[in-house]
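Working notes for the structure below.
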Amino acid sequence: MAELKCEFAAVVYAELYRALSGSTDLVDSLAFRLDEVRYGIDWLDAAIEAYDAKWAADLQYITSDTVGDFALRQPDHAVLATWILAGLRTTGQCYDLSNDLSEHVMERVQRDLPGISVPLPSALSPVIYGWTLGCVVGSDDLPAMPAVLPPEENVQRAFVGFMEHVLLLQSMETPWPEMMSTATYWRGYGIAEGLLPEHGNGGMALTQLKYEASRSMPASMYSALERYFRSFNQRRQSVSHVARDDSRPAFVEVAETIRDWPDLRMAVVGLTQFVFQEVSKELQEVPPRSIRPGVWDSLIHEIRTDW
């Protein structure tokens with residue numbers, strides 16, 4: 001399977017920063033965040049102009065089949081964007097911003113590249129979970145590769161493995177083989193445990209992760225997630241321990257809970273939310289090594305069109 005990356009065409013960054021600059025509710029938080037790298041709020045306008053110009057220059061060569069070839073390869077484009085977003089994580093839910101971003105990119109691309117097929121390729125498919133920017137690499141907006149992975153190597157590998165597993169399931173006919181679908185429970189429990197090891201076990205970690213999710217999700221979406229993960233640990237135990245136990249659902253019942261994509265989707269939403277929100281929590285306090293004053297000076301070299 002090809003390496004999963006979070007890389008976008010320039011138009012995605014132009015529309016992200018345009019959406020942020022147009023939000024009066026976020027201006028103070030954005031100004032505070034940008035000041036950490038010695039930029040003022042007017043930097044957003046400079047970034048929009050530069051990414052717009054790059055997209056316009058690329059359009060003369062892009063076709064609907066080659067958009068991915070024009071994704072910006074320097075990882076720090078996506079890292080800087082998600083570091084900025086992480087600074088907004090105390091401002092409330094981020095899903096309106098995510099939806100607005102994807103809709104504006106869609107409108108822009110369909111205008112600039114008439115006839116492009118939908119769903120759009122990954123380079124044009126941004127999503128924001130838990131104030132972390134991600135790139136949709138599958139169908140139905142999932143799974144998504146975050147711009148920055150969690151710092152712990154085991155969690156990184158476990159989450160990437162989970163995404164690869166979901167992509168494989170999406171390519172298969174349904175109903176899926178039982179072991180391939182119920183694997184979601186033990187891998188999901190393991191990811192939760194790895195994200196918050198200080199809680200001692202995956203069950204306690206899931207409780208805390210659900211609580212944190214309520215801060216960046218709309219109430220209706222959080223309610224669906226909370227209901228789904230309320231019995232997640234019990235279902236994981238049923239998969240791991242096949243013998244009948246009256247304290248948990250029977251294995252044969254759990255084996256029927258995930259047979260196709262609608263059954264699996266909420267698990268993918270939840271685990272994506274948990275991983276992405278922990279990334280933004282980390283980035284809020286500890287910037288990646290490359291995010292420092294002058295970071296834009298290095299990125300501009302890849303997108304300047306006025307040489």
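For Ser223 (side chain) and Ala219 (main-chain N/O), no donor-acceptor pair under 3.5 Å exists by modelled atom type. Counting only distance, with no hydrogens or angles, the side chain of Ser64 and the backbone of Ile116 share no donor-acceptor pair below 3.5 Å. A donor-acceptor pair under 3.5 Å links the side-chain atoms of Ser181 to the main chain of Ile258, judged by distance alone. Without hydrogens or angle criteria, Ser238 side chain to Gln234 main chain gives a donor-acceptor distance under 3.5 Å. For Thr66 (side chain) and Thr63 (main-chain N/O), a donor-acceptor pair under 3.5 Å exists by modelled atom type. Looking at Gln93, its side chain does come within 3.5 Å of a backbone N or O of Asp96 through a donor-acceptor pair. At least one donor-acceptor pair closer than 3.5 Å links the side chain of Ser298 to the backbone N or O of Val295. Looking at Thr272, its side chain does come within 3.5 Å of a backbone N or O of Val268 through a donor-acceptor pair. Side-chain atoms of Asp245 come within 3.5 Å of backbone N or O of Ser247 as a donor-acceptor pair. Distance alone, capped at 3.5 Å, is enough to place a donor-acceptor pair between the Trp131 side chain and the Gly92 backbone.
Salt-bridge check for Arg111 with Glu107: failed, with every basic side-chain N at 4.0 Å or more from each acidic carboxylate O. Under the 4.0 Å criterion applied to side-chain N and carboxylate O atoms, Arg108 and Asp52 are assigned as salt-bridge partners.
For the atom pair OH (Tyr17) and OH (Tyr51), the distance works out to 5.0 Å, reported to the nearest 0.5 Å. Leu80 contributes atom CG, which lies 5.0 Å from atom CD1 of Ile291 (distance to the nearest 0.5 angstrom). Rounding to the nearest 0.5 angstrom, the gap separating the NZ atom in Lys210 from the CG atom in Leu225 is 8.0 Å. Interatomic distance, Met106 CE to Leu120 CG, rounded to the nearest 0.5 Å: 4.0 Å. We find the CG-SG distance between Leu124 and Cys135 to be 9.0 Å, quoted to the nearest 0.5 Å. Put simply, CD on Glu226 and OG on Ser214 are 10.0 Å apart, with the number rounded to the nearest 0.5 Å.
The shortest side-chain heavy-atom distance between Ser216 and Gln273 falls under the 4.5 Å cut-off. Ile128 is not listed as a side-chain neighbour of Asn99, based on a closest heavy-atom distance of 4.5 Å or more. Within the 4.5 Å cutoff, no side-chain heavy atoms of Leu16 are placed close to those of Pro126. The closest side-chain heavy-atom distance from Glu164 to Pro143 is not below 4.5 Å.
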Exercise. Apply the test ring-ring contact (aromatic ring centres under 6.0 Å, His included) to residues Phe229 and Tyr189: give CA-CA distance (whole Å), side-chain angles for both, the deciding distance (0.1 Å), then the verdict.
Key: CA-CA 10 Å; Phe229 280 91; Tyr189 180 91; over 10 Å; no
Verdict with reasoning, Thr90 to Arg215, per side-chain contact (heavy atoms from CB on, under 4.5 Å)
CA-CA 8 Å; Thr90 61; Arg215 301 174 180 178; over 6 Å; no
Quiz prompt | side-chain hydrogen bond (donor to acceptor under 3.5 Å, both in side chains) assessment of Trp261 paired with Asp140 | solution = CA-CA 9 Å; Trp261 176 243; Asp140 194 28; 2.7 Å; yes
Show the numbers, then the answer: is there a ring-ring contact (aromatic ring centres under 6.0 Å, His included) between Tyr13 and His77?
CA-CA 8 Å; Tyr13 298 106; His77 290 287; 5.8 Å; yes
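Under the 4.5 Å side-chain heavy-atom criterion for Ile, Leu, Val, Met, Phe, Trp and Tyr, Leu195 and Val286 are members of distinct hydrophobic clusters. Following chains of ILVMFWY side-chain contacts shorter than 4.5 Å, one can reach Val67 starting from Tyr61, so the two form part of one hydrophobic cluster. Hydrophobic clustering of Ile, Leu, Val, Met, Phe, Trp and Tyr side chains at less than 4.5 Å, counting indirect connections, keeps Phe232 apart from Met204. Note on Leu142: it clusters hydrophobically with Leu168, by side-chain heavy-atom contacts below 4.5 Å among ILVMFWY residues. Neither Met179 nor Phe251 shares a network with the other; the hydrophobic side chains, linked directly or stepwise wherever heavy atoms of I, L, V, M, F, W or Y lie under 4.5 Å apart, form separate groups for each.
Considering only residues two or more places apart in sequence or on other chains, Ser280 meets the side chain to side chain donor-acceptor pair (under 3.5 Å) condition with Arg89. Taking the salt bridge (charged side-chain N to carboxylate O under 4.0 Å, His left out) definition, one finds that Arg259 meets it with Glu256, sequence neighbours left out. Partners of Glu178 by side chain to side chain donor-acceptor pair (under 3.5 Å), not counting sequence neighbours, listed by chain and number: Thr182.
For the pair Arg38 and Trp296, the cation-pi test (distance below 6.0 Å, angle within 45°) is failed.
Enclosure of atom CD in Gln60 by more than 12 non-hydrogen atoms of other residues, nucleotides or ligands within 6.0 angstrom is indicated. The neighbour count for Glu36 CD, taken as heavy atoms of other residues, nucleotides or ligands under 6.0 Å away, is above 12.
A side chain to side chain donor-acceptor pair (under 3.5 Å) check over residues 192-207, counting only residues at least two apart or in different chains, returns nothing. Residue pairs meeting the ring-ring contact (aromatic ring centres under 6.0 Å, His included) criterion with at least one member in residues 85-126, sequence neighbours excluded: Tyr95-Tyr129. Among pairs with a residue in residues 57-78, those fulfilling salt bridge (Lys or Arg N to Asp or Glu O under 4.0 Å) read Glu7-Arg73, Lys54-Asp58, at least two apart in sequence or across chains.
A side-chain N or O of Gln208 and one of Glu212 form a donor-acceptor pair less than 3.5 Å apart. A donor-acceptor pair shorter than 3.5 Å can be found between the side chains of Thr257 and Tyr185. Side-chain contact of Arg33 with Ser29: a donor-acceptor pair under 3.5 Å is absent, judged by distance alone.
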